[in-house]
**Student:** 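Here it is: the structure, laid out below.
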Amino acid sequence: MQSTRYSFLAAAALGLALATTSPAQEAPAPSAPPPEAPAPAAPAVEPTPVPATEPPVAATEPPAATVTAPTADPAAPGQPEVTVTQHGDWEVGCLNGTPQCELQQVAIDETDNPVVLVRIVRLPPGADALALAVFNTPLGTLLPTGLGFQVDAAQTAALPFEWCVQEGCIVRLGLREPDIAAMKRGRQVNLTVNSIADPATPVKLTLSLTGFTAGYDSLPVPPPPAALTPPPVPAAPPAD
């Protein structure tokens, strides 16, 4: 998986699916149908407060650097360009000429191998959450165990997988205000996945939160979806 891969159409579809559903708070969300059908969002994570003796330490965020890179082969005609801005360990990619932006990073295992692509997009006002996090794990992931999600030493949540495509298996998480606040003050997100090759041994991954605050705050809030206009009612034919 490449950290410079931005899938704006997929992100927009996932955001719309979340905005039009009400995610569960206590029970895990049921498996969703294929990506073209809306699916319920995954449960929000309730972060456990850090004890008073161990106050959270905000990560130092270096200045952002901006570059412009094509989304695909530069020789291919009609390919849009993406402006990529670095915020610490996170990248923000924005499709040039549009408000479509996403925050992303690749979670690495204990030997620094990239494993899970994490993408975050802001949701429009009125949605059930402030943002949507999408986790893309490799094919061969053991699905019943879910994806373990933990901010620092908070309680771990098991997020259910929803579907798999050629690029991997998908988990979605609606991020509400407490979740965003926990990630802004946190140091890292701990993720765990299980492989079908070794089901008994979880793969432990880390997602740095250095630069998350600046990266998240730079994401534009999309406008609310336009209201659907009902078709005009045809006039009754004149009476004879």
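Residue indices begin at 1 and follow the sequence shown. These figures come from a predicted structure and were not determined experimentally.
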**Student:** Can any side-chain N or O of Q86 pair as donor or acceptor with the backbone N or O of G88 at less than 3.5 Å?
**Tutor:**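 Confirmed, Q86 side chain pairs with G88 backbone.
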
**Student:** Output the distance between atom OH (Y216) and atom CG (L175), rounded to the nearest 0.5 Å.
**Tutor:**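 The CG atom of L175 is 7.5 Å from OH of Y216, to the nearest 0.5 Å.
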
**Student:** Is any side-chain heavy atom of L143 closer than 4.5 Å to a side-chain heavy atom of C164?
**Tutor:**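 Heavy-atom side-chain distance check passes, below 4.5 Å.
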
**Student:** Of the non-hydrogen atoms in D179 and G174, which two are nearest, and what is the gap between them?
**Tutor:**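 The answer is OD2-O, 3.8 Å.
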
**Student:** Taking the side chain as C-beta and beyond, is there a heavy-atom pair between K204 and N190 under 4.5 Å?
**Tutor:**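 Heavy-atom side-chain distance check fails, nothing below 4.5 Å.
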
**Student:** Evaluate Q150 against T192 for side-chain contact (heavy atoms from CB on, under 4.5 Å), listing each step before the verdict.
**Tutor:** CA-CA 9 Å; Q150 178 192 43; T192 56; over 6 Å; no

**Student:** Tell me whether V121 is reachable from V165 by hopping between hydrophobic residues (I, L, V, M, F, W, Y) whose side-chain heavy atoms are closer than 4.5 Å.
**Tutor:**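 The answer is yes; both residues are in one hydrophobic cluster.
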
**Student:** Using a 3.5 Å distance criterion without hydrogens, assess whether the side chain of T98 forms a donor-acceptor pair with backbone atoms of L95.
**Tutor:**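 Such a contact is found between T98 side chain and L95 backbone.
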
**Student:** Does NZ or CZ of R185 come closer than 6.0 Å to the centre of the six-membered ring of F212, within 45° of the ring's axis?
**Tutor:**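 No, R185 does not sit over the ring of F212.
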
**Student:** I want to check something: taking the side chain as every heavy atom from C-beta on, are S218 and T85 in contact at a cut-off of under 4.5 Å?
**Tutor:**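 S218 vs T85: side chains apart.
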
**Student:** Work out which heavy atom in P125 is nearest to a heavy atom in P222; give both atom names and the distance.
**Tutor:**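 Between these two residues, the closest heavy atoms are CD-O, 3.3 Å.
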
**Student:** Verify side-chain contact (heavy atoms from CB on, under 4.5 Å) between I170 and N136, making sure each step is shown before the conclusion.
**Tutor:** CA-CA 5 Å; I170 303 298; N136 189 178; 3.9 Å; yes

**Student:** Let's go through V193 and F135 carefully: what are the C-alpha distance in whole Å and the side-chain angles of both, what is the deciding distance for side-chain contact (heavy atoms from CB on, under 4.5 Å) to 0.1 Å, and is it a yes or a no?
**Tutor:** CA-CA 11 Å; V193 293; F135 304 83; over 6 Å; no

**Student:** Any heavy-atom pair between the side chains of D152 and Q188 that's under 4.5 Å?
**Tutor:**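 Yes, their side chains come closer than 4.5 Å.
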
**Student:** Are L142 and V115 co-members of a hydrophobic cluster defined by side-chain heavy atoms under 4.5 Å apart?
**Tutor:**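 Result: no, two separate clusters.
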
**Student:** Return the minimal non-hydrogen interatomic distance between W90 and T210, and the atom names on each side.
**Tutor:**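 That closest heavy-atom pairing would be CD1-O, 3.2 Å.
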
**Student:** Determine the minimum heavy-atom distance between V106 and P114, stating which atoms define it.
**Tutor:**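 Closest approach of V106 to P114: CG1-CB, 3.3 Å.
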
**Student:** When rounded to the nearest 0.5 angstrom, what distance separates CG in L123 from CG in L130?
**Tutor:**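 Reported to 0.5 Å precision, the distance equals 8.0 Å.
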
**Student:** Can you tell me how far apart CG (N96) and OG1 (T83) are? Round to the nearest 0.5 Å.
**Tutor:**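 Here the rounded value is 3.5 Å.
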
**Student:** Any side-chain heavy-atom pair from L132 and V134 closer than 4.5 angstrom?
**Tutor:**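 Touching, per the 4.5 Å side-chain cut-off.
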
**Student:** Atom CG of L139 and atom CD of Q166: how far apart are they, to the nearest 0.5 Å?
**Tutor:**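 CD of Q166 is found 8.0 Å from CG of L139.
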
**Student:** Compare every heavy atom of A214 with every heavy atom of H87, then report the nearest pair and how far apart it is.
**Tutor:**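 Closest pair (atom of H87, atom of A214, distance): ND1-CB, 3.7 Å.
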
**Student:** Any ion pair linking R119 and E102 (charged N to carboxylate O, less than 4.0 Å)?
**Tutor:**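 Salt bridge between E102 and R119, a charged N being under 4.0 Å from a carboxylate O: yes.
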
**Student:** Heavy atoms, side chains only, cut-off 4.5 Å: are L219 and C101 in contact?
**Tutor:**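 A side-chain contact under 4.5 Å exists here.
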
**Student:** Is there a side-chain contact (heavy atoms from CB on, under 4.5 Å) between V151 and L209? Walk through the geometry before answering.
**Tutor:** CA-CA 9 Å; V151 179; L209 290 174; 4.3 Å; yes

**Student:** Using the rule that Ile, Leu, Val, Met, Phe, Trp and Tyr join whenever any side-chain heavy atoms are under 4.5 Å apart, tell me whether I108 and V203 fall into a single cluster.
**Tutor:**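 Cluster IDs for I108 and V203 differ.
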
**Student:** What's the shortest heavy-atom distance between I120 and A131, and which atoms?
**Tutor:**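 Closest heavy-atom pair between I120 and A131: CG2-CB, 4.1 Å.
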
**Student:** I'd like to know if the side chain of Q105 reaches the main chain of S208, judged simply by a donor and an acceptor atom lying under 3.5 Å from each other, with no hydrogens or angles considered.
**Tutor:**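 Such a contact is found between Q105 side chain and S208 backbone.
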
